[in-house]
Structure formats: structure tokens, C-alpha cells
Amino acid sequence: MIEKFILDAVESLGVKVDYAEVEIPKRAGQGDISTPVAMSLSGKLKTQPRKIAEALTLALNSRPEIKTMFEKIEILGPGFINFHLKSSFLYERLNMLYNNREEFLRVELGFGKKVQVEFVSANPTGPLHLGHGRGAALGAALANLLTAAGYAVEKEFYINDAGRQVSLLGKSVFSAYHLLFNSEKYPMPEDGYRGDYVEVIAKDIAETYGDSLLNRDFSEVSTIFTDYSYKKMLKWIEDDLSAFSVTFDRWQSERELFDSGTVRGSIDLLRQQGYIYDEDGAVWFRATAFGDEKDRVIIKSDGSYTYFASDISYHIRKFQRGFDECINIWGADHHGYIPRVKAAIKAAGVDDSRLTVLLVQMVSLLRGGVPVQMSKRAGEFITLSDLMDEIGADTARFIFLTRRPDSQLEFDLDAAKAQSAENPVFYVQYAYARINSIFNKANERGIQTKSMDINLSLLDKPEELQIIKKLILYPLIFENAARAREPHRITFYLQELSGMFHPYYNKYRILSVEGTEETTETLMLTQARLILCESIKTIIEAGLKILGVTAPERM
RNA sequence: GCGCCUGUAGCUCAGUAGGAUAGAGCAAUUGCCUUCUAAGCAAUGGGCCAGGGGUUCGAAUCCCUUCAGGCGCACCA
């Protein structure tokens, strides 16, 4: 809004710019909002920044809206234009937040555009690890964020249930099954899956079938072992995710893509376009035509498909299903895969800017200051489920969302546990619970805030004005987070807001001291402060909901 | 060797499309509970933003380069 005013003012000087920088100054005395446009313009206009700033201020002051919003506009330093908000404007916004929160919280960026967020998509061959947890936290938060910003979002999990990996799981379970009966006829494959869960599945099968499958060849019983195992695994994955408050709208099976002929269809499509050729007994996709560094095999010389074959088809189909934009969340170790997938959709005539791949970097663990070695082969690793048992889902989720996805995350288990009393997530939740508790007290005393004529201008303490400013900033933070696809901005905002509430709570009383005489004056102040608290609660609740962290009524 | 990501306080990390004097939490020290939840508050210390060049009114942020760490470079997924 303010940006538009500035742009208009700039235009009145006869220059056009694409956007005006608007910032929140860090220091007191520099206003509530500021812009450095005068400085960036000085080169173009060949005029001193201060002169430009003066001209802009003049233009701005001539608008009536400016007069109602701002106390004053001043020029400071080399040419910063600083805006000081009128407190009446603050009260007006606060009133809107309190009385019409939907309207206040509404941010319309998506206009119903269809977006798919595909995330986790872990192979159903083992439990979810911490990297998956990070991806899950990000994906779910991003989906919440975009939904709240007006996009039609679908969350999808892609199941790699075809191919070598699930078959290898089946073989590993087959081997474990033999061991249960002290048979060594079927040793564990070289690169097989170890770990307790393989045994657990084997026992399941042994319960159903007894030893009747012992003297069979794997090829005869592969369906039993492979299918049962990965489905069981998938169930566990779903349970873990659900314990982590992560749900999906759709689970897309890779097998289904093969069985329904979708994969074949996509390959035919690309063949017609001339991007498929045969060489050395294999079938290749001409990825180099679209910027990838080499062409890629999609059908191996032994006739089997590569993972990439179904992936091509999967991604092409996403866009055929009508999504305007698709967001994939991948582990950073897959980054080399991006050019070929983008190449595939480009070959199908889809603008590749409609596919966004967000990479989450690796998660490493620290216990007692020492890195925890994780070896999948030896079956030694801390799973997402272990982590939740150890530090709780909320804490895990909050910590994942307190880091930028593209920085490596070092998870110090001792710190996360030892900190548990002073954990950032509790700090925010505590603010929420505290406010709730105030309202319980207020109810006991029969204090109402529903009457319409509450005088918000009683909120005139510096702390109160600061909190109101922070509150009315939320839609902007939210919008920027959605635009940048960075939920972690919400996390930081919530910590800052809570960091304003707790000191305020400590310094001032919301309710008057019990036993003192209640006058009209004290009652009105109490009511005004209750409205402030209610508004803080609303914003914390909205923010935590985006993050997928619970907002406890009591702690 | 090539490509991608990262390097900010003792530790874990923010830093909003280049802006004003660099931010938070943890850890450390000292205070504050007969009053709305002490999972809280107040106060103190802590920095050549990895190094070096450049771009400009202005750089943690953009470009080049060096160093360090991580991850990729299959007819594996």
C-alpha cells in the first residue's frame, strides 16, 4: 500500500521504476517504515539524494491518505525517507484484527491457482530418517502457507514401489525369514536392507505362512515378500508422518504409472517429438537438447526401465493433470537430477519455470558433542520416529523450520533435550498458553470484551504500540514468506512476537490486581489490554498452524 | 577434474528484492515468584560477517578468485 504511494510520488518526478524498496528500520528514531528510493534515484536523476527526498516528501504529503496514516514524514541521513505511523491508524488496524480476523489475515497471492507440492516420497524400503523429517516439515508448512495465501494446493507422496529397491527389500525379508527357521539357504543380499524392521516383517510373514515358503525359489514367492514388505513399510511411514502431523491428499504409485500405460504413453509422446533414440541396445532420452549435460537412458539394454523413465512420465502427467505450478522437495543429494527432469517436461512442451525444486540439505546428528555415525547398511540410524520419541514432534518440527532449507542442519540431540525447558518452540507456545490463562482468569471474574465501544487508545505504552506494529506487520511477513516459499520466516516472526509479549506481561498487568477496587477506568484499560492479548493469540495461533505446531491451551 | 549448497558471537542459526550503529536463542555471570503460569523477566559481556580483489553514494548480501566443509557427477534409486 505504502509502496504504491511512493511509486506514485516517484512517477510525479517523471521517472519510472519497477518497485520501491520499503523497509522496517531497525533502530528507534528512524520511523516505522522507511524507503531509500531517493538514494537509488540520485544516479538516474543526477541530483542530490536529499533534494529528491524533499521533492518526494512534498508529493507524498499532498495526498489525503498519507495524512490519515502518518504522523509525519521526515528525511534523515543521506536521504532516507522515514514514515511515522499515526497511533490512530494503529488502533484502527488492531480493531480490524480483533473484529474481523479473516479479513485481516487474508492474503491473496494465489487466486486459486493450482499448485502441487510433492514431498517426502521416501522409498518404502526403510523407516523415515531425519532428512525426510526435514522435508516433511518444510513440505507441510509450505502447503499450509500456500493454501492460506489463496492457492489450491495438493500434497502428494510419490511411491517408488516398482523396481529394484522394493524387490531388494523383499529379498532381504526373504533372507530374514530363512534365518528365523535357522536356514541359511538364502543369505542376505550383498547390498540388502538390515535393521530390525526387516526381521519384524519376516516374523509377520512367518506367522501367516509358517515355514511353508522355505523351500521355494525367491521368484516364486517374490510377490508375497516384496509386496507385503513394502506395503507394511508404507504403512509405518504413513503412521510416522501422521504422528508428525503430516498428511497427504494423494499417494501416487509408480507401479500404477507402468500398469496404466502412462509411462509407455509418455515415451511415445517424446518419441514422436524426436527426443528418443536407440543406441547400444538401450533407449535414450535426448536430454542434451534441453540443457542437460548428457543424454539419459530410459530403457536399459536388458529391457528394464530406469527410474528416470517413470519419473519423466510422472512429471509430465503432473502438468497434464492441470497444475499451474509443481513444487518438488528433494534431498540435496538429488540435485544433479534437476536438469534431466526439467529437460523432460520441456520436451513435452511445458515451460520448466513451472517446476520448482526445493532442496533440503542433509541433517547430521550430534550426541554428547560427537557426530552420530549413521550407517544404513548396518541398520544403525536414528529415525524420525526415534527423534520424535526423544524430543517430541513439536520441537522437531519447529527446529526443522528454524533453518533455511539450503543450509546443512546439525541437530544436537543433547541440546534439544537439555534445552527442552528453554526451547524456542516452548517460548512461543508458552506465550499462547499464558494468554489463554489470562482469559480463564478474566472469565472467572466476569470481565467481558465483547462490547463494541472499547477504547483502544488506552494502549499508549511504548511496549503496546510496538506490539501493535508487530501484529499489523504479520500479513506482510506472511505474504513474503509465501512468495519466497520460505516458511521459516514465520518461525522467526513468532519468536520475535513472543519476545515482545513476555516482557510486556512481566512489566504490566493485563487484569487489575485481585482485591483492588475496580473502577470504570481500570476496567476499560483491562478490556483494551485483553483485546491486545487476544490479537496476539490470534496471530500466534495462525502462525503455528502454518508451521504445523500445536498451540496448547495450557502448559 | 566438473557442478550444486554452505562458511556470520564459544555453540546452533536469522539477516526481509544492496541500505542507516550486525541480530536471536543456547552457554556464562548477577538479580526477580504471598499479585494474571518463573517453560518467564531484567542486567552484563561477547563479532577483521572464512581470506583477497572488484562493482557503487553504500556490500554479510551482487561479480571474480582462493581456502574450508557437505553433496552430486551410472544402462542405481
Side-chain angles (χ1 to χ4, degrees), chain A residues 18-19 21 23-27 30 34-36 39-40 42-43 48-49 76-80 82 123 125 160 163-166 168 191 280-284 293-294 296-302 304 306-308 311 331-339 359 361-362 364 366 369 399 402-412 415-416 418-427 429-431 433-442 445 476-477 480-481 483-484 486 488-489 491-493 495-496 499 501-507 509-516 526 529 533 554-555:
Chain A
D18 296 336
Y19 68 94
E21 301 138 88
E23 339 173 313
I24 312 298
K26 296 185 203 82
R27 245 155 264 285
Q30 295 175 344
S34 80
T35 177
M39 269 120 60
S40 27
S42 84
Q48 287 175 13
L76 249 71
F80 288 99
N82 295 337
N123 274 340
T125 53
N160 292 119
R164 215 180 81 84
Q165 296 305 315
V166 281
L168 188 60
D191 46 357
D280 301 333
V283 179
W284 298 71
E293 54 188 16
K294 54 178 84 163
R296 307 291 176 178
V297 170
I298 53 178
I299 304 177
K300 294 181 260 181
S301 49
D302 67 1
S304 63
T306 62
Y307 175 84
F308 183 49
D311 234 21
D333 52 341
H334 288 74
H335 76 261
Y337 215 78
I338 299 172
L359 297 174
Q361 286 291 335
M362 305 286 112
S364 59
L366 227 58
I399 290 179
T402 324
R403 265 82 162 166
R404 255 170 40 244
D406 53 6
S407 69
Q408 280 146 237
L409 195 163
E410 197 153 82
F411 215 123
D412 189 328
Q419 265 179 34
S420 69
E422 285 153 27
N423 198 296
V425 69
F426 294 127
Y427 188 74
Q429 289 179 322
Y430 188 47
R434 248 183 172 174
I435 292 173
N436 193 58
S437 158
I438 296 171
F439 275 93
N440 289 339
K441 264 285 188 331
R445 290 210 226 158
L476 184 67
I477 299 291
N480 287 340
R483 212 189 285 281
E486 290 181 352
H488 74 269
R489 294 189 193 193
T491 318
F492 281 89
Y493 170 87
Q495 291 186 75
E496 287 161 14
F501 169 73
H502 288 302
Y504 173 63
Y505 174 91
N506 243 266
K507 187 167 173 184
R509 294 208 47 101
I510 313 301
L511 306 175
S512 53
V513 180
E514 210 152 0
T516 57
T526 292
R529 287 185 172 169
C533 287
R554 197 187 310 276
M555 283 175 78

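Within every chain, numbering begins at 1; the chains are lettered A, B, ... in the order of the sequence lines, protein sequences first and strands thereafter.
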Atom CD of Gln361(A) and atom P of rG72(B) are separated, to the nearest Å, by 10 Å
With sequence neighbours excluded, residues passing salt bridge (charged side-chain N to carboxylate O under 4.0 Å, His left out) with Arg434(A): none
Nucleotide N/O of nucleotides 15-19 of chain B paired with protein N/O under 3.5 Å:
unit_1: rG15(B); atom_1: OP1; unit_2: His488(A); atom_2: NE2; d: 3.1
unit_1: rU16(B); atom_1: O2'; unit_2: Arg489(A); atom_2: NH1; d: 3.3

Taking only the C1' atom of each, what is the distance from rG58(B) to rC36(B) in whole angstrom? 48 Å
Using the P atom as the point on both nucleotides, what is the distance between rA77(B) and rG72(B), in whole Å? 16 Å
Going by the rule salt bridge (charged side-chain N to carboxylate O under 4.0 Å, His left out), which residues pair with Asp333(A) if we only count those two or more places apart in sequence or in a different chain? none
rC48(B) to rA27(B) separation - P atoms, rounded to the nearest Å: 23 Å
Contact class for Ala282(A) (heavy atom, under 4.0 Å): base, sugar-phosphate, or nothing? base
I need the minimum non-hydrogen distance between Glu21(A) and Thr35(A), along with the two atoms involved. O-OG1, 2.7 Å
Just N and O in the side chain of Tyr427(A): are any of them under 4.0 Å from OP1 or OP2 of rC41(B)? yes
Test for a donor-acceptor pair under 3.5 Å between the base of rC75(B) and the side chain of Ser301(A), counting only N and O atoms. yes
Determine the contact category for Gln30(A): base if any of its heavy atoms lies under 4.0 Å from a base atom, sugar-phosphate if only primed atoms, P, OP1 or OP2 are that close, otherwise nothing. base
